[in-house]
Amino acid sequence: MKVRLDAVLNWLGRNSPDVLCLQELKTTDEAFPFAELLDAGYHAVTNGQKTYNGVAILARLEPTDVVRGMGDDDLQARLISAMVGGIRVVSAYVPNGAEVDSDKYVYKLAWLARFSEWFSTSFSTADEIVLCGDFNMAGTELDLHRPAQWEGTVIWNPRMREEYARLTQIGLVDIYRNLNPAAAGYSWWDYRMNGFARNNGLRIDYVMATPALSRKAVSAWIDKAERATERPSDHAPVIVDFDLG
DNA sequence: ATGGCATAATTGTTATGA
């Protein structure tokens, strides 16, 4: 977040979103730049962690009813939720999982199972809920520039396709894919091997919403230009416009 | 089979990401 603060402030200034969800803060709540963001017109609530993980919700309105984590003993800061203007907002950083035969992948699967349970028991899909995050999984072949290159990895394998399907089964609609059924919509490109220049990308960052809210989504797009700036994140912003009436 | 590139922790190197 330190190295990306100027990029975030510039992006907020140019796009003026009502809400921005962040993942991989890699900083503690104490070191988070609340004052700079407030000067730019944004309140922030964070679930930070030193060096790794960390998630936040930025909003023009002050978020209320903040929930950090899933109420368990998970030591990794990967989830935060709050009410913003009558809508439940969730920012999530799904574990990557490293390798399919690793403890990290075991943790990823357990985290996803806990998430579905937590989401289903905490909220009603009749309510307006938006879930934004780095999901570290592709859902269909359209989400990968080179599916064969990724098949069998922690990002793209039969189990991950099931996990993506489970998100829809618990009542979430993938807004970008719903509005853009044929566009790739990559949100991540590898820093290495000229991944961006060759468009060797993945769509692993999603904005999902309950049906009641998804019906109000009018557009969704990936800000690919942000990935082409100086010292960019390897992820690009995913933007959804809702017509809330 | 490995590294490739970047970040945060630190100042030489490791852990992690996807």
Side-chain angles (χ1 to χ4, degrees), chain A residues 1-11 21-33 36 46-56 74-79 91-112 115 132-164 167 174 176 184-207 222 224 226-238:
Chain A
M1 186 61 194
K2 283 172 202 161
V3 73
R4 226 69 83 186
L5 177 59
D6 284 345
V8 171
L9 291 172
N10 287 332
W11 195 88
C21 291
L22 300 174
Q23 296 84 33
E24 274 200 278
L25 304 179
K26 299 185 178 182
T27 193
T28 58
D29 294 345
E30 290 72 25
F32 191 82
E36 291 88 340
T46 61
N47 184 11
Q49 185 177 338
K50 189 175 180 178
T51 311
Y52 305 118
N53 311 312
V55 286
D74 193 346
L75 297 176
Q76 301 190 24
R78 295 180 174 275
L79 194 81
S91 178
Y93 177 40
V94 176
N96 170 281
E99 309 286 340
V100 288
D101 60 355
S102 69
D103 290 345
K104 290 192 175 75
Y105 188 63
V106 173
Y107 171 76
K108 178 182 195 175
L109 296 180
W111 194 96
L112 287 165
F115 175 81
C132 310
D134 174 357
F135 287 77
N136 272 316
M137 66 175 79
T140 72
E141 278 204 348
L142 190 54
D143 300 329
L144 308 92
H145 188 66
R146 295 176 183 169
Q149 176 188 313
W150 289 91
E151 181 61 53
T153 67
V154 295
I155 300 297
W156 178 239
N157 64 55
R159 178 60 186 267
M160 284 302 109
R161 295 192 274 279
E162 286 176 22
E163 292 293 341
Y164 176 84
L167 293 169
D174 179 347
Y176 182 88
Y186 304 143
S187 62
W188 177 89
W189 294 262
D190 203 318
Y191 285 124
R192 302 162 296 187
M193 305 291 288
N194 289 316
F196 184 62
R198 285 145 48 132
N199 197 32
N200 189 11
L202 302 175
R203 193 177 76 94
I204 53 174
D205 302 279
Y206 308 131
V207 175
I222 314 296
K224 194 174 173 180
E226 187 66 19
R227 181 62 176 77
T229 58
E230 267 319 278
R231 291 188 85 181
S233 165
D234 44 0
H235 297 258
V238 180

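Sequence lines set the chain letters: A, B, ... in the order given, protein chains first and strands last, and positions in each chain run from 1. Note: hydrogens, waters and symmetry copies are ignored here, and every other heavy atom, side chains too, is used. Worth saying up front: this structure is predicted, and the values here are computed from it rather than measured.
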In whole angstrom, give the distance that lies between atom CZ of A:F135 and atom C1' of B:dG17. 18 Å
Nearest-nucleotide pick for A:T51, side chain only, options being B:dG17, B:dA8, B:dA18: B:dA8
Write down the distance between CG (A:L25) and P (B:dT7), rounded to a whole number of angstrom. 15 Å
Residue A:M193, side-chain atoms from C-beta onward, closest of B:dG3, B:dA18, B:dT16: B:dG3
In whole Å, what is the span from the CG atom of A:L144 to the C1' atom of B:dA18? 11 Å
Closest to the side chain of A:D134, out of B:dT16, B:dT7, B:dA18, is B:dA18
Between A:N194 and A:E24, which is nearer to the 5' end of DNA chain B once each is assigned its nearest nucleotide? A:N194
Out of B:dA9, B:dA18, B:dG3, which nucleotide sits closest to the side chain of A:K50? B:dA9
Rounded to whole Å, the CD-P distance (A:E99 to B:dT16) equals 12 Å
Using the P atoms only, state how far B:dA6 lies from B:dT2, rounded to an integer number of Å. 23 Å
Nearest-angstrom distance from the residue atom CG of A:N157 to C1' of B:dA18: 13 Å
Within a radius of less than 6.0 Å around CD of A:Q149, do more than 12 heavy atoms belonging to other residues, nucleotides or ligands occur? yes
Using 30° and 60° as the class limits, which term best fits the ring planes of A:Y186 and A:H145: parallel, tilted or perpendicular? perpendicular
If I take atom CD from residue A:E99 and atom NZ from residue A:K104, how far apart are they, to the nearest 0.5 angstrom? 9.5 Å
Scan A:F196 against the nucleic acid and name what it touches under 4.0 Å (heavy atoms): base, sugar-phosphate only, or nothing. nothing
Considering only heavy side-chain atoms of A:Y52, the closest of B:dA9, B:dA15, B:dG17 is B:dA15
Which nucleotide, B:dA6, B:dA9, B:dT7, lies nearest any side-chain atom of A:Y191? B:dA6
Atom OH of A:Y186 and atom P of B:dA18 are separated, to the nearest Å, by 18 Å
Among B:dA18, B:dG17, B:dG4, find the nucleotide with the atom closest to the side chain of A:K104. B:dG17
When you measure from the side chain of A:N53 to the backbone N and O of A:R78, does any donor-acceptor pair fall under 3.5 Å? no
Given atom OH of A:Y105 and atom P of B:dA18, what is their separation to the nearest angstrom? 15 Å
The nucleotide from B:dG17, B:dT7, B:dG3 with an atom nearest the side chain of A:R231 is B:dT7
Looking for any heavy atom pair under 4.0 Å, which part of the strands does A:N96 touch: base, sugar-phosphate only, or nothing? base
Tell me whether the OP1 or OP2 atom of B:dA18 has a side-chain N or O from A:H235 closer than 4.0 Å. yes
Could you give the CG-to-C1' distance, from A:L5 to B:dA8, as a whole number of Å? 16 Å
Can you tell whether the side chains of A:E36 and A:R4 come within less than 4.0 Å, N to carboxylate O? no
Check: A:W189 main-chain N/O paired with A:R227 side-chain donor or acceptor under 3.5 Å: yes
Rounded to whole angstrom, note down the P distance from B:dG4 over to B:dT14. 14 Å
Distance between P atoms of B:dA1 and B:dT16 (Å, rounded): 22 Å
Between A:P232 and A:P95, which is nearer to the 5' end of DNA chain B once each is assigned its nearest nucleotide? A:P232
